[in-house]
Peer 1: 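Just dropping this structure here.
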Amino acid sequence: MIDKRFDFSKNRVCSLFGIRYPVIQAGMIWVSGWKLARAVSDAGGLGIIGAGSMYPDVLREHIQKFKAHSDKPFAVNVPMLYPDLDKIVDIIIEERVPIVFTSAGNPATYTPKFKDNGLKVVHVVSSVKFALKAQAAGVDAVVAEGFEAGGHNGREETTTMVLIPAVRREIDIPLIAAGGIGSGASMMAAMALGAEGVQVGSRFAASVESSAHQAFKKAIVNAKEGDTILTLKELAPVRLIKNRFYDQVMAAYERGATVEELKQILGRARAKKGMFEGDLDEGELEIGQISAIIDDIKPAAQILQEIISEYNELKAAIRNS
């Protein structure tokens, strides 16, 4: 049973999404299909289906399977650089997805269309500047994601510790913190800095229900401090585990490779090769710095339970001190 000692009913993130706990599972390519989203949503958080690695018909299938197996709120994450973006947007609306998280693009492009169709809209940002633009575009909340996060990152390299209070003092809408969060202690820290909820990615990537390859999950567990790095800023900044592919990128930098050469080295489906197919040498292994303190692979519900229980214990300790 998840700890019930503290009531989140007045929490704006919980009220906005209709969830019990202000914990959102990040939408991650090749990792967050309907099974992971369902496990998190059923446990009281908000599960997200990651559309970034799905063809339109595959996304529709995942949405329909979630709805067939759960009546809880859920969301779809849409990277706005997606080549079939119009099709993805139409599917989300047709399938009556209640919440959409947009990222990697201008929130003003589709927010009005989503809102006109009754969806809640959240945009992921990496700076105060983009948080203000998202608020002006009419989104319902923002996720402020720090430099520690895995996968594609902002160019500002602002850490979560600095980003959250900076964004909090500039916006009025609900603020969700992301980047380096995977425990009750980090959730407590984010809330103390001004967040009203947290988005957790890497910790849920190493879950039983994650659609990542087992070899990639083990690589997350085995990662040590310093094993991840942000690179390929000339294309789209990405944090990944150092491996043979990363060595190729570094060698290219050393010889002064052009952007076109870097694109050729990256090629196509590099993340799929690593995260979904389990090629730990030649694949792109996108994960956050917090992988250094992830020690096991657990059911998503247990991960959420542990986050909330630790958060409650810390909050009780502070109240009683």
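Note that this is a predicted model, so its numbers are computed, not measured.
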Peer 1: Please report the closest heavy-atom contact between V124 and S103, naming both atoms and the distance.
Peer 2: CB-CB, 3.9 Å
Peer 1: Identify whether I99 and L119 are in the same connected component of the hydrophobic contact network (ILVMFWY, side-chain heavy atoms under 4.5 Å).
Peer 2: no
Peer 1: Suppose the criterion is salt bridge (Lys or Arg N to Asp or Glu O under 4.0 Å): which pairs have a residue in residues 203-215, not counting sequence neighbours?
Peer 2: R203-D296
Peer 1: Give a yes/no verdict on a cation-pi contact between R239 and F147, requiring under 6.0 Å between NZ or CZ and the six-membered ring centre and an angle within 45° of the axis.
Peer 2: yes
Peer 1: State yes or no: do W34 and F101 share one hydrophobic cluster built from I, L, V, M, F, W and Y residues joined by side-chain heavy-atom distances below 4.5 Å, directly or via other members?
Peer 2: no
Peer 1: Determine whether K224 and D227 make a side-chain contact, defined as any pair of heavy atoms from C-beta on separated by less than 4.5 Å.
Peer 2: yes
Peer 1: How long is the straight-line distance from NE2 of H69 back to OG of S41, given to the nearest 0.5 Å?
Peer 2: 14.0 Å
Peer 1: Count the heavy atoms belonging to other residues, nucleotides or ligands that lie under 6.0 Å from CD1 of I265, then report whether that count exceeds 12.
Peer 2: yes
Peer 1: Measuring from atom CG of L46 to atom CZ of R20, what distance do you get when rounded to the nearest 0.5 angstrom?
Peer 2: 15.5 Å
Peer 1: About how many Å separate CD of E156 and OG of S126, when rounded to the nearest 0.5 Å?
Peer 2: 3.5 Å
Peer 1: What do you reckon, is CD of Q214 surrounded by more than 12 foreign heavy atoms closer than 6.0 Å?
Peer 2: yes
Peer 1: Are more than 12 heavy atoms from other residues, nucleotides or ligands located less than 6.0 Å from atom CE of M161?
Peer 2: no
Peer 1: Count I, L, V, M, F, W, Y as connected when their side-chain heavy atoms are under 4.5 Å apart, and connections chain through other members. Are V58 and V76 then in the same cluster?
Peer 2: yes
Peer 1: Could you give me the CA-CA distance, side-chain angles and deciding distance for Q248 and E282, then say whether side-chain hydrogen bond (donor to acceptor under 3.5 Å, both in side chains) is met?
Peer 2: CA-CA 9 Å; Q248 295 172 25; E282 298 297 335; 2.9 Å; yes
Peer 1: Please report the closest heavy-atom contact between A177 and A190, naming both atoms and the distance.
Peer 2: CB-CB, 3.7 Å
Peer 1: Should the pair K272-E284 be classified as a salt bridge under the 4.0 Å nitrogen-to-oxygen rule?
Peer 2: no
Peer 1: Less than 3.5 Å apart, any donor N or O on the side chain of Y253 or E234 sitting next to an acceptor on the other?
Peer 2: yes
Peer 1: Using every non-hydrogen atom in the two residues, find where G194 and L175 come nearest and quote the distance to one decimal.
Peer 2: O-CD2, 4.0 Å
Peer 1: State, yes or no, whether a side-chain contact exists between M80 and H123 at a heavy-atom distance under 4.5 Å.
Peer 2: yes
Peer 1: Examine the side chains of T160 and E148 and answer whether a donor and an acceptor come within less than 3.5 Å of each other.
Peer 2: yes
Peer 1: Do Q199 and Q25 get their side chains close enough for a donor-acceptor pair, meaning under 3.5 Å?
Peer 2: no
Peer 1: Indicate whether the side chain of S210 and that of S207 have a donor and an acceptor atom separated by less than 3.5 Å.
Peer 2: no
Peer 1: Between A257 and E261, which heavy-atom pair has the shortest distance, and what is it?
Peer 2: CA-OE1, 3.1 Å
Peer 1: Parallel under 30°, tilted from 30 to 60°, perpendicular over 60°: which one fits the rings of F276 and W30?
Peer 2: tilted
Peer 1: Take atom CZ in R255; do more than 12 heavy atoms of anything else shown fall under 6.0 Å from it?
Peer 2: yes
Peer 1: For R96, does the CZ atom sit with more than 12 other heavy atoms under 6.0 Å from it, leaving out its own atoms?
Peer 2: no
Peer 1: Under 4.5 Å between any side-chain heavy atoms of D140 and R12, yes or no?
Peer 2: no
Peer 1: Taking atom types as modelled, find out whether T228 and Q289 have a side-chain donor-acceptor pair closer than 3.5 angstrom.
Peer 2: no
Peer 1: Could you tell me which non-hydrogen atom of P22 sits nearest to which non-hydrogen atom of M187, and how far apart they are?
Peer 2: CG-CE, 3.8 Å
Peer 1: Would you sort out whether Q302 and E306 count as a side-chain hydrogen bond (donor to acceptor under 3.5 Å, both in side chains), showing the intermediate values?
Peer 2: CA-CA 6 Å; Q302 184 178 345; E306 290 176 355; 3.1 Å; yes
Peer 1: Indicate, with yes or no, if I287 and I307 share a hydrophobic cluster defined by side-chain heavy-atom contacts under 4.5 Å among Ile, Leu, Val, Met, Phe, Trp and Tyr.
Peer 2: yes
Peer 1: Less than 4.5 Å apart, side chain to side chain, heavy atoms only: is that true for F245 and L266?
Peer 2: yes
Peer 1: Are side-chain heavy atoms of K115 and V121 found at a separation under 4.5 Å?
Peer 2: yes
Peer 1: With a 4.5 Å heavy-atom cut-off, do V23 and V200 have their side chains touching?
Peer 2: yes
Peer 1: Does K217 NZ have over 12 foreign heavy atoms under 6.0 Å away?
Peer 2: yes
Peer 1: To the nearest 0.5 Å, how far apart are CZ in R270 and CG in D279?
Peer 2: 8.5 Å
Peer 1: Do S70 and R38 meet the criterion of a side-chain donor-acceptor pair at a distance under 3.5 Å?
Peer 2: no
